[in-house]
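Below is one structure, written out as structure tokens; the observations come after it.
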Amino acid sequence: MLELAFIRANPEIVKDAAKRKRVDIDIDALLALDTDVLETRREIENLRYRQNQLSKEIQAAGKDQALREKAIADGKDIAAKLKETEPTLKSKEDRLRDLLLRVPNIPDATVPDGKDDTENVEVKRVGTPTVFDFTPKDHVALMQHLDMLDVERGVKVAGSRSYVLKNDAVRLELALFQLTLDTLMKKGFSPLTVPALAREFCFIGNSQFPRGREQVYKLAQEGDEENEPDLFLVGTAEVSITGMFSNEILDYKELPLKFAGLSPCFRKEAGTYGKDTRGILRVHQFTKVEQYIICENSHEESVKWHETLLANAEEVVQALELPYHVVVVCTGDLGDGQVKKYDIECWVPSENTYRETHSDSYFHDYQARRVNIRYRDAEGKVRFVHTLNNTALASPRILIPLLENHQQADGSIRIPKALQSYLGGQTTIVPRNS
RNA sequence: GGAGAGGUCGCAUAGAGGUCUAGUGCGGCGGUUUGCUAAACCGCUGAAGGGGUUACCCCCUUCCGAGAGUUCGAAUCUCUCCCUCUCCGCCA
């Protein structure tokens, strides 16, 4: 979230940001409520001040009953007034907080304006779309041929957008995660496995809530709806890692914190009916290694890490020998909290296009304010940290470009060199009984 | 799931209706001393919001796990919730 003082001082910048991000929010109403809250709070502070004075008078009165009773009577008046005003303030503050949580972050000046993902702008292209001297198969056909996938039975168990990985797909997935973790560990990232179940504040802090709540699975206890646990399934380890440091004051010497968070990820994919229904591109459950950075409160630091995280992800993609491009995501396709976002999209031959496999964002202190992650800088000043995150590798989605780009005429799959050592030296995936 | 104990300033601990403007110790910061280090001694020591001065000083309010209640007044009493620990049961 943005600092209230900033919104007060720069309402036009905030309104413009919301407009560019296609977010509907009434900043003037927010500011009016803010003024109201300040006035009400001042009123209460004055009452409390008098109350504190009276408390001292009552003590000072000692055995002087008349004085004492007079002060107590006055105190009762004030208590009554407070009892009336305090709930008013509380409800105003709650409403203000709720509005504030919906104010989007300001997109960077370098972010192109646009309405949705069709207006994202390519900034870099690496490799060239794979050319085949035979008719290539799509990943579903390949995986069926190689006995790596069972969608029908996955759906039987858990409904649409579910799947079962089999045999070499499982080994391949594990190898991919190991390669990814090793790559990041060499760069000083600490691997984490984090809770896939998280409390509400983590999602609010992350800015997945309140907008985007419909994409998240909530846990309910059967027959105990009254005492439902405040737990949700995370859509990314980012949610858990953000929550990990809530309400902490770190030391600047500890920063930056660099994590590679491995977790299962769950997404409802509400509103995507009929979209990407074939195969394993868009599924309710997947596994992801997420890069996560907590750094000092400096735009330059954020930009530096944003580029570094992109480079790290590219290194993984390049190790997998995949053609890809990088797009800078336009304002309309940017999340509420994001200042700027790059997506890496890998070439998918069966669709004859690039598809998103990685997403690299920075937030300035937008998330840090929401979950209250601060640090003491070199001068001893307490400041909010900056947070960033980027996919390092998400599976099974990455299997799509991996298998499709490396397929060979006989339906086997060439395993990229960097992966081979993680698969016991295996160089190709071939049908099980051949 | 059952029984018990507990959550106080970075850490440790005191505090049991008004003397709490939350004490003390450790740590940290600054100083004295010193060839250097250590010790000793002295001083300082959190967060949020608002206001005054305008510089980084002062004032006010809030914060003792969270919320509600009792009271003129709550760290302290009551209730609900959250969390941690110990023991038992169950369990990969």
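Atom set for the values below is all heavy atoms of this structure, side chains included, hydrogens, waters and symmetry mates excluded. Here is the naming used below: chain letters follow the sequence lines, and residue numbers restart at 1 for every chain.
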Under 4.0 Å, counting only non-hydrogen atoms across every strand here, what does A:Arg8 touch: a base, just sugar-phosphate, or nothing? sugar-phosphate
Between A:Arg41 and A:Glu93, does at least one N-O distance fall below 4.0 Å, as a salt bridge requires? yes
Rounded to whole angstrom units, what separation is found between the CD atom of A:Glu45 and the C1' atom of B:C63? 13 Å
Mind checking the C1' distance from B:C79 to B:A74? Whole angstroms is fine. 15 Å
C1'-based separation of B:U80 from B:G25 [nearest Å]: 36 Å
For A:Met244 and B:C83, what is the distance between atoms CE and P respectively, to the nearest whole Å? 18 Å
Base, sugar-phosphate alone, or nothing: which one does A:Lys381 contact when heavy atoms must sit under 4.0 Å apart? nothing
Distance alone, cut at 3.5 Å: any donor-acceptor contact between the side chains of A:Tyr375 and A:Asn297? no
At under 4.0 Å between heavy atoms, what does A:Ile44 touch on the DNA or RNA strands: base, sugar-phosphate, or nothing? nothing
In residues 194-209 of chain A, which ones come under 4.0 Å of RNA chain B, going by heavy atoms? A:Arg199
Could you check how far NZ of A:Lys56 sits from C1' of B:G18, rounded to whole Å? 11 Å
Looking only at atom C1', what distance separates B:G18 and B:G2, rounded to whole Å? 42 Å
Go ahead and name the base partner of B:G18; Watson-Crick or wobble counts if both distances stay under 3.5 Å, otherwise write none. B:C72
Do A:Arg199's NZ or CZ and the ring of A:Phe201 fall within the cation-pi criteria of under 6.0 Å and 45°? no
Would you indicate which nucleotide in B:A48, B:G51, B:A68 comes nearest to any side-chain atom of A:Arg42? B:G51
Find the partner of B:C81: check Watson-Crick (N1-N3 plus N6-O4 or O6-N4) and G-U wobble (N1-O2, O6-N3) distances, both under 3.5 Å, and reply none if neither fits. B:G65
Could you verify whether a donor N or O on one side chain and an acceptor N or O on the other, from A:Gln285 and A:Arg267, lie under 3.5 Å apart? no
Using whole Å, what does the distance between atom P of nucleotide B:U70 and atom CD1 of A:Ile72 come to? 17 Å
Between A:Phe189 and A:Tyr292, ring centroids under 6.0 Å: no
Nucleotide B:G67, atom P - distance to CD of A:Glu86 in whole Å: 12 Å
In whole Å, what separates the C1' atom of B:G23 from that of B:U8? 12 Å
Can A:Asp336 and A:Asn105 be counted as having a side-chain donor-acceptor contact under 3.5 angstrom? no
By the Watson-Crick or G-U definition, both distances under 3.5 Å, B:C57 is matched with B:G52
Of A:Lys83 and A:Val382, the one whose nearest nucleotide on RNA chain B sits closer to the 5' end is A:Val382
Given atom CZ of A:Arg374 and atom P of B:G46, what is their separation to the nearest angstrom? 13 Å
For nucleotides B:G65 and B:U76, find the distance between their P atoms and express it as a whole number of Å. 8 Å
P atoms of B:G49 and B:C42, separation to the nearest Å: 36 Å
Just checking A:Asn52: base, sugar-phosphate only, or nothing, at a heavy-atom cut-off of under 4.0 Å? sugar-phosphate
With a 3.5 angstrom cut-off on both distances, give the Watson-Crick or G-U wobble partner of B:U86, or none if there isn't one. B:A3
If the P atom of B:A38 is compared with that of B:G31, how far apart are they to the nearest Å? 13 Å
Of the nucleotides B:C72, B:G49, B:U61, which one has an atom closest to the side chain of A:Ile58? B:C72
Hey, are A:Lys288 and A:Ser263 close enough side-chain-wise for a donor-acceptor pair under 3.5 Å? no
Side chains of A:Thr427 and A:Gln420, donor plus acceptor under 3.5 Å: no
Nearest-Å distance for atom pair CG/P, residues A:Asp77 and B:G73: 11 Å
With both distances kept under 3.5 Å, what pairs with B:C26, Watson-Crick or G-U wobble? B:G10
Nearest listed nucleotide, side chain of A:Lys76, among B:C72, B:A48, B:A68: B:C72
Side chains of A:His284 and A:Tyr217 only: does a donor on one sit below 3.5 Å from an acceptor on the other? yes
Side chain of A:Arg376 only, please: which of B:A47, B:G49, B:U61 is the nearest? B:A47
Separation of the C1' atoms in B:A66 and B:C59, to the nearest angstrom: 30 Å
Would you mind telling me which residue lines up with the more 5' stretch of RNA chain B, A:Tyr49 or A:Ala71, judged by nearest nucleotide? A:Tyr49
By salt bridge (charged side-chain N to carboxylate O under 4.0 Å, His left out), A:Asp77 pairs with (sequence neighbours left out) none
How close or far is atom C1' of B:A47 from atom OH of A:Tyr375, stated in whole angstroms? 17 Å
Picking from B:G18, B:U61, B:A48, which would you name as closest to the side chain of A:Arg48? B:U61
